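Take a look at the structure below.
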Amino acid sequence: MTTVADRLRPVTGHRLFWPALVLVVMIAANTVYRPGFLAVEVKNGHLYGTPVDILRLSAPLILVALGMTLVIATGGIDLSVGSLCAISGAIACLHISRAADPDSPSTVLTALALAFGAALVLGAWNGVLVAVIGIQPIIATLILMVAGRGIAQLVTEGQIITINSGPYRAIGLGHLLTLPLAVLIALAAALLVAAFTRRTALGLIVESVGGNAEASRLAGIRSRRIVFLVYVVSAACAALAGFMVTANVSSADGNAAGLWIELDAILAVVIGGTSLAGGRFSLGGTVLGALIIQTLTTTVYAMNISPQTSLLFKAVVVIAVCLVQAPAFRARFRRRRRGVEPGPAAPQREKEQVPA
Amino acid sequence: MGTGERPVLTMTGISKTFPGVRALHDVDFRLFPGEVHALMGENGAGKSTLIKVLTGVYGTDAGVVTLNGEQVSFSGPMQAAAAGVSTVYQEVNLCTNLSVAENVFIGREPRRLGAVRWGEMRRRARELLARLDLDLDVTAQLGTYSLAVQQMVAIARAIDVRARVLILDEPTSSLDAGEVAQLFRIMRQLRDEGIAILFVTHFLDQVYGIADRITVLRNGTLVGEYRTEELPQFSLVEKMIGQELDVLERLDEQQKRATVAPAGTDPLVDAVELGRRGAVAPFSLRIEAGEVVGLAGLLGSGRTEVARLLFGADRADHGQVRLDGGRSPLRTPVQAIEQGIGFCSENRRAEGIVPELSVRENMILAMQAARGWLRPVPRRRQDELVRRYVEALSIRPANPELPVRNLSGGNQQKVLLARWLITEPRLLILDEPTRGIDVGAKAEIQKLVVQLSDGGMAVLFISAELEEVLRLSHRVAVMRDREMVAQLTNDDSLDADRVMRTIASGTPREEVTR
Amino acid sequence: MSSTSSTVVRSWRPGLPRRHVPVLATLALLLVMYGIGVSQYRAFSNVQVVFNVFIDNGFVLVVAVGMTFVILTGGIDLSVGSVVAMTAMVSAALLRDGMPAALVLVIALLIGPTLGFLMGCAIHFFDIQPFIVTLAGMFFARGMCTFISGASISITDGFWTGMSQQRIGNPAGNFVSISVLIAFAVVLVAAYVLAYTRFGRNVYAVGGNAQSALLMGLPVARTRIAVYTISGLCSAIGGILLSFYTLSGAPLIAVGMELDVIAAVVIGGTVLTGGSGYVFGTVLGVLVLGVIQTLITFDGSLNSWWTKIVIGGLLFAFILLQRLIGIRFK
Amino acid sequence: GGMVACGNSDTGGGSGGDDKIVLGFSQVGAESGWRTANTTSIKEAAGEAGIELKFDDAQQKQENQIKAIRNFIQQKVDVIAFSPVVESGWDTVLKEAKDAKIPVILTDRAVDSADKSLYKTFLGSDFKKEGRLAGEWLVEQKKSASGPVNIVELQGTTGSAPANDRKEGFAGAIAANPNLKIIASQSGDFTRAGGKQVMEQFLKANPKIDVLFAHNDDMGLGALEAITAAGKVPGKDITIITVDAVKDGMQALADGKFNFIAECSPLLGPQLMDLVKKVKAGEEVPARIETEETTFTQEQAKEALPNRKY
Ligand SMILES: Nc1ncnc2c1ncn2[C@@H]1O[C@H](COP(=O)(O)OP(=O)(O)OP(=O)(O)O)[C@@H](O)[C@H]1O
Ligand SMILES: Nc1ncnc2c1ncn2[C@@H]1O[C@H](COP(=O)(O)OP(=O)(O)OP(=O)(O)O)[C@@H](O)[C@H]1O
Ligand SMILES: [Mg+2]
Ligand SMILES: [Mg+2]
């Protein structure tokens with residue numbers, strides 16, 4: 001018995017174990033409720049099924065949450081991502097809708113470049129407010145959160161811009177190798193961010209700035225530059241997500257696109273094990289967190305939970321997720337159990353700690 | 001001494017395990033009323049843990065604590081304080097956002113009808129601090145004062161309580177001789193009133209100056225309890241480190257540093273009329289390669305400010321720093337590091353460690369910053385460097401992947417030191433590098449400074465311990481009231497007495513040697 | 001030692017300006033903004049315009065006071081908007097079912113603090129981040145709103161309509177509502193609690209450094225849990241005031257209010273990491289947002305989206321100036 | 001007509017010298033294309049009618065609307081009009097308006113005040129009727145259906161008046177035929193993305209869906225994508241009924257992807273301005289005026305599409 005527990009420890013001790021378990025449990029519950037939940041079939045050469053939907057729909061959230069992870073790791077927060085989604089989507093769709101040939105790749109590429117550029121400028125604006133002027137992140141980005149919706153609606157003139165552009169649509173709905181393109185894009189972005197932070201020293205530097213900004217400064221880190229940078233990255237991620245959200249329905253809605261995605265993104269980051277106080281961050285955890293949130297939403301729809309109770313359901317699940325993850329909660333739980341069976345931890349640990 | 005009486009406090013069979021570390025194993029400890037009891041041990045021996053277990057910060061795995069013969073198990077410092085156990089924890093644990101007066105009294109403010117009496121509180125705070133010879137603006141935020149002052153405030157807070165047990169975990173590590181004397185006077189007074197005092201320090205002479213009894217811990221286990229007069233200094237050290245090392249001999253063998261200022265046309269660092277309004281008056285200071293310059297002065301005399309200006313941590317509004325005779329602007333830490341300057345801050349918690357990061361990451365941080373984010377230090381190189389310094393500075397536990405927050409205070413200090421040694425700087429500014437470090441390690445660090453300077457590294461050495469400064473420095477710059485009043489060559493004629501006199505007396509500017 | 005009283009007075013004085021610079025800067029900017037309004041729009045100088053700002057923001061003020069406690073400890077409470085709505089909703093539903101007003105008041109005032117208490121416990125004992133716990137609280141309370149009723153419920157109860165329509169004013173016709181008086185009472189009590197009680201000072205200590213506060217022997221657990229309970233209570237009072245204000249409970253009311261409230265608190269000079277700030281600043285923060293809103297209505301020429309952009313712009317201008325003044329005086 | 005914006009926007013001098021009518025209008029927000037068309041209509045109509053418009057956007061918050069009305073009272077506008085964010089909770093502020101002798105007109109959504117003297121009239125659509133019309137059309141279509149007809153419903157934002165009323169109206173109408181069954185009903189928040197996401201799950205959870213009733217065009221348009229992706233033919237395999245008749249919706253109807261739309265016209269402007277003038281002149285007006293609205297089938301849509309304004 002002890003041996004099994006011991007062998008499992010490296011797994012259960014991993015910081016992604018609990019979020020992953022939660023995800024598995026949620027999927028299992030869905031499958032029990034509706035056995036076809038996990039069914040995936042090939043339709044028109046594409047994979048089709050609820051799991052694929054979840055992956056595809058969580059792609060924008062994953063993107064936004066990736067940027068948010070870095071921002072939060074520096075001890076900040078970015079409330080403007082939802083508005084940035086709307087702005088970038090609106091600019092791209094506006095350009096395409098005005099172009100003579102909405103189907104030509106060059107039109108779409110220019111549109112993407114324009115929108116992406118605008119998002120970078122706005123990200124830089126956030127960065128300047130936080131890193132240079134020193135405004136508290138939540139307020140600095142609140143400005144753009146409020147004004148950004150206005151900008152997005154200004155771009156669309158309050159209407160929903162509907163476009164009919166194959167290449168643009170593909171960002172949200174296209175497939176590559178039977179997989180939704182959106183999933184691949186999110187995956188690529190995640191790998192890119194992971195490579196940039198973990199293959200270079202960027203991750204360490206970000207964590208250090210978030211962990212203790214003054215100590216980092218005295219160790220020779222250009223903290224401001226890093227802080228500035230993460231807001232730009234966050235904006236870039238938000239822009240990509242904005243493209244997906246709008247491409248998904250082939251229309252840009254300045255008001256609804258990316259609405260409240262900032263809360264979901266923050267939730268995803270925190271569920272993934274990154275502390276809002278800054279410091280250590282976990283990209284894998286964030287991705288898992290985003291999947292959990294999307295699965296939760298899909299569950300509400302799939303189980304046909306009434307709109308009246310769906311928020312209650314969400315509240316309960318969020319609390320449950322956080323509780324199983326909280327070490328303090330598990331410690332309490334375990335202590336109660338240890339009375340029955342002796343904890344296997346002690347004897348095993350002893351050997352490795354006594355210094356030779 | 002009240003040894004005839006019953007102990008006011010006993011701890012028996014205390015064990016405490018942190019994930020991966022057994023901090024305490026079956027430790028016994030007792031404390032009698034009216035005695036000063038020193039708790040000794042190397043860095044990481046478990047002293048602070050024992051104290052935290054006692055006051056309920058940590059739960060125990062096993063063991064019994066009794067207070068006045070009754071078994072107690074505090075759920076936290078609040079309960080402990082209520083039961084008459086007053087504690088100053090290692091590292092200043094106060095709220096820097098509150099005023100000095102509040103830090104002294106919060107939790108037991110004078111009140112009338114439930115309302116805090118601010119005036120009364122300030123008055124009493126002022127009185128209490130005056131007992132410690134401190135004249136502060138008690139309405140100012142605590143954070144505006146230096147660490148040493150904060151430490152004194154923490155002590156003031158602890159001695160005000162009508163406690164039966166007073167616990168002081170390394171209270172003297174950032175104090176200078178005068179402050180220590182003041183503190184000891186009060187400790188004796190309290191002892192004579194029958195209060196039991198538990199005292200942790202790494203200064204052996206302080207132990208022999210005040211303690212009645214000594215308990216020694218090693219690696220989380222109890223070595224023994226001794227009467228001070230029955231335990232000679234060298235056997236105390238042997239018991240602490242568990243080997244028959246002749247550390248003390250080695251300490252003594254260190255000679256007065258040679259006075260030869262290495263010849264060179266241009267000094268390595270040449271600060272010209274460097275100053276910052278409100279912090280330190282303009283001063284000039286040259287440091288040659290391979291030279292150790294000590295900074296002496298009383299608490300708050302501006303030593304830290306000098307160091308920060310040289311490093312660019314604060315921006316100078318007067319004068320400039322020249323390196324290698326050239327005129328390179330030095331305005332930020334980044335530039336300083338590029339020029340080969342390292343700065344080990346005295347305030348390791350606020351300005352030093354990044355608590356969440358591992359020992360390894362903390363160590364390579366400065367090196368990594370200097371290389372830029374695009375060129376990560378290869379993992380193998382990291383491991384090699386980290387292993388070398390963990391060994392050289394005997395950092396314990398020797399697991400580099402532990403979050404540095406879990407290390408004992410002294411070991412954190414060593415990690416910081418390693419961070420700068422790894423960058424192989426040309427000038428290393430050490431602000432209180434030996435604070436909270438045990439005898440053995442301190443000797444190692446001193447040896448290291450000598451070695452490094454022999455190897456051509458310049459060192460600016462700041463320490464509250466004058467002996468240490470004198471032992472290591474080629475020259476000693478003396479600070480008083482935020483002004484550099486003298487630079488003395490450390491030749492045979494220089495001793496602690498003369499430095500103290502320079503600090504105390506008039507304006508011996510003429511003594512300045514260049 | 002003979003001149004103790006005089007030293008007390010002296011040492012109080014020099015401490016005053018620097019600590020209060022941010023708040024004073026905010027006050028000055030607020031006055032400037034008001035001045036701009038008066039010079040630009042004719043009716044802006046009516047006393048009633050100022051009174052209206054208070055009438056319209058009384059409940060926000062109360063909620064912001066609760067939020068101030070939470071933020072001072074370094075936490076955050078996202079549930080306030082939903083709790084406000086839930087309180088109004090519960091009151092409306094119970095009144096509709098014919099429960100006597102006094103009983104409804106008691107029940108409504110208990111729900112918020114209870115939820116706050118539970119959230120505080122989760123935050124403290126299980127060490128879950130306040131953001132998440134209160135977000136779940138927000139989902140829960142909002143869910144309860146729609147659960148109680150999908151549509152809004154009017155309140156016709158005599159006590160409620162009385163409280164709502166009672167005007168306390170002068171013969172010239174200017175008036176404030178009872179809610180304003182209640183809000184002021186809450187502000188005064190909160191200011192007193194923060195400045196003059198042990199609990200209040202503990203709030204600052206926990207916000208400054210919770211670990212230190214614990215080692216200093218302060219009741220960190222109690223304080224933490226209490227601030228969320230207080231925030232819940234303030235939200236409940238805010239909810240009652242809102243139900244006076246609108247004489248109804250609506251499931252979708254006060255959506256996004258938490259952000260307004262947080263913004264108000266922060267604009268008022270309270271630092272989000274905790275440990276510094278004043279209730280008076282929060283009052284100013286609420287007024288700033290209220291005056292911005294008033295300015296925009298008086299203008300009356302803005303498009304829907306320009307409204308948002310201008311609100312963002314004014315917010316930015318305000319915070320930038322506040323920050324610059326703060327830096328200058330440091 | 002050709003009045004350039006010569007007046008300095010500062011005072012709105014209205015009630016001063018010239019007798020241009022000043023109308024204070026508080027809009028819900030700009031949460032949908034429908035709403036924007038509504039705003040545009042009102043602005044244009046005000047310009048044409050020579051009425052000075054003080055426009056306020058409440059950003060979907062009742063509090064903001066109450067504030068705006070109070071400020072209109074302070075500015076002594078001639079008439080106040082607003083589209084209430086929610087039905088209830090207006091008595092206090094409307095009483096203040098009444099005391100200040102400023103007449104109030106409601107547009108688009110009603111209020112539930114017991115005291116009908118607080119406002120002059122209501123101008124707008126009847127959401128319940130829209131739901132009912134949609135339901136009645138369906139009952140008519142399926143009256144020969146022998147087996148059960150499975151309906152899924154995409155609700156608007158939970159708790160909003162149009163969502164509640166359309167649901168109620170629709171449910172009431174289809175009760176006439178026990179074969180018609182709503183097997184799933186979920187909120188799509190009035191957005192295309194919401195409609196699409198919910199529809200995807202409806203399709204997976206329910207193998208046989210015959211009818212979709214969406215509370216607005218946008219959700220219906222989103223659902224279209226989901227239906228297509230599932231390999232079904234919208235308008236054929238699944239009958240789609242929506243409300244609103246915005247341009248994109250009409251296009252879909254004309255293209256045969258939708259089957260029926262109950263119109264909910266945002267073009268209230270001209271009617272509103274007429275009312276304002278009448279009210280200002282002290283004329284009697286009916287207590288309730290419904291916007292001229294109709295319903296569209298696919299054929300009607302093809303005809304109407306070329307001259308739709310929005
Ligand atoms: N919170 C913690 N988590 C994990 N390990 C800890 C924690 N606190 C202390 N330790 C470990 O427990 C051991 C004892 O530490 P302690 O702080 O008691 O040492 P100390 O004797 O006070 O040393 P110093 O003289 O350096 O202050 C060390 O190995 C330390 O790394
Ligand atoms: N005894 C004292 N009374 C009042 N203020 C003091 C006292 N000692 C120090 N200070 C204040 O502490 C602040 C920091 O001084 P600084 O850090 O430069 O001193 P230092 O020489 O480095 O001292 P140390 O490093 O020993 O703390 C100064 O602002 C000074 O006013
Ligand atoms: Mg220690
Ligand atoms: Mg110093």
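Below, all heavy atoms of this structure are taken into account, side chains as well, without hydrogens, waters or symmetry copies. This one's a predicted model, so the numbers in the text were calculated from it and none came from an experiment.
Taken to the nearest 0.5 Å, the CZ atom of Arg42(C) stands 7.5 Å off from the NZ atom of Lys76(D). Separation of atoms CD1 (Ile66(D)) and CG (Leu242(C)) is listed at 8.0 Å; rounding is to 0.5 Å. A distance of 6.0 Å separates CG of Leu247(C) from CG of Asp91(D), quoted to the nearest 0.5 Å. Atom CG of Asp56(D) is separated from atom OG of Ser301(C) by 11.0 Å, given to the nearest 0.5 angstrom. Expressed to the nearest 0.5 Å, how far CG of Asn46(C) lies from CD of Gln75(D) amounts to 9.5 Å.
Within the 4.5 Å cutoff, the side chain of Gln293(C) has no heavy atoms near those of the Asn71(D) side chain. The side-chain heavy atoms of Asp260(C) and Lys61(D), taken from C-beta on, include a pair separated by under 4.5 Å. Side-chain contact check for Gln62(D) versus Leu252(C): every heavy-atom pair is 4.5 Å or farther apart. At a threshold of 4.5 Å between non-hydrogen side-chain atoms, the residues Ser304(C) and Phe55(D) count as touching. Between Thr307(C) and Gln59(D) there is a side-chain heavy-atom pair separated by less than 4.5 Å. Counting heavy atoms from C-beta outward, Ile55(C) and Glu96(D) have side chains that stay 4.5 Å or more apart. At least one side-chain heavy atom of Thr297(C) sits less than 4.5 Å from a side-chain heavy atom of Phe72(D).
Contact of Lys167(D) with chain C is not made at all, since no heavy-atom distance falls under 4.5 Å. Contacts between Asn303(C) and chain D at a heavy-atom distance below 4.5 Å involve backbone atoms as well as side-chain atoms. Proximity to chain D (any heavy atom under 4.5 Å) is shown, for Phe147(C), by neither the backbone nor the side chain. In this structure, chain D has a heavy atom under 4.5 Å from the backbone of Ile153(C), while its side chain stays farther away. With a 4.5 angstrom heavy-atom cutoff, Val255(C) touches chain D only via backbone atoms. Looking at Trp306(C), neither its backbone nor its side chain comes within 4.5 Å of chain D, counting heavy atoms on both sides. For chain C, the nearby part of Asp99(D) is the side chain; its heavy atoms alone come within less than 4.5 Å. Residue Ser26(D): no heavy atom, backbone or side chain, is found under 4.5 Å from chain C. For a residue to count as touching a neighbouring chain, one of its non-hydrogen atoms must lie under 4.5 Å from one of that chain's; by this rule Ala250(C) touches chain D with the side chain only. Only the backbone of Leu53(D) comes within contact range of chain C, with at least one heavy atom under 4.5 Å from a heavy atom of that chain.
Checked by atom type and distance alone, the side chain of Gln74(D) never pairs as donor or acceptor with a backbone atom of Phe44(C) at under 3.5 Å. A donor-acceptor pair under 3.5 Å links the side-chain atoms of Lys54(D) to the main chain of Phe298(C), judged by distance alone. A donor-acceptor pair is defined here as one N or O able to donate and one able to accept, closer than 3.5 Å; no such pair exists between the side chain of Asp56(C) and the backbone of Asn64(D).
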Evaluate side chain to side chain contact (heavy atoms under 4.5 Å, CB included) for Glu63(D) paired with Thr246(C), printing each intermediate quantity in order. CA-CA 8 Å; Glu63(D) 309 92 276; Thr246(C) 64; over 6 Å; no
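Listed options Ala254(C), Pro251(C), Gly290(C), Ser154(C) were ranked by heavy-atom pairs under 4.5 angstrom with chain D; first place goes to Ser154(C). Chain C forms more heavy-atom pairs under 4.5 Å with one residue of Glu87(D), Lys95(D), Gln27(D) than with any other, namely Lys95(D). Contact count against chain D (heavy-atom pairs under 4.5 Å) is highest for Ser152(C) among Ser177(C), Ser149(C), Cys145(C), Ser152(C). When the candidates Ile311(C), Ile296(C), Ile253(C) are compared by the number of heavy-atom contacts under 4.5 Å with chain D, Ile253(C) comes out ahead.
Residue Ser88(D) comes nearest to Gly249(C) through the heavy atom pair OG-O, 4.3 Å, listed as atom of the first residue, atom of the second, then distance.
The environment of NZ in Lys280(D) is sparse: at most 12 heavy-atom neighbours from other residues, nucleotides or ligands sit within 6.0 Å.
Ser164(C) and Thr92(D) share a side-chain donor-acceptor pair at under 3.5 Å.
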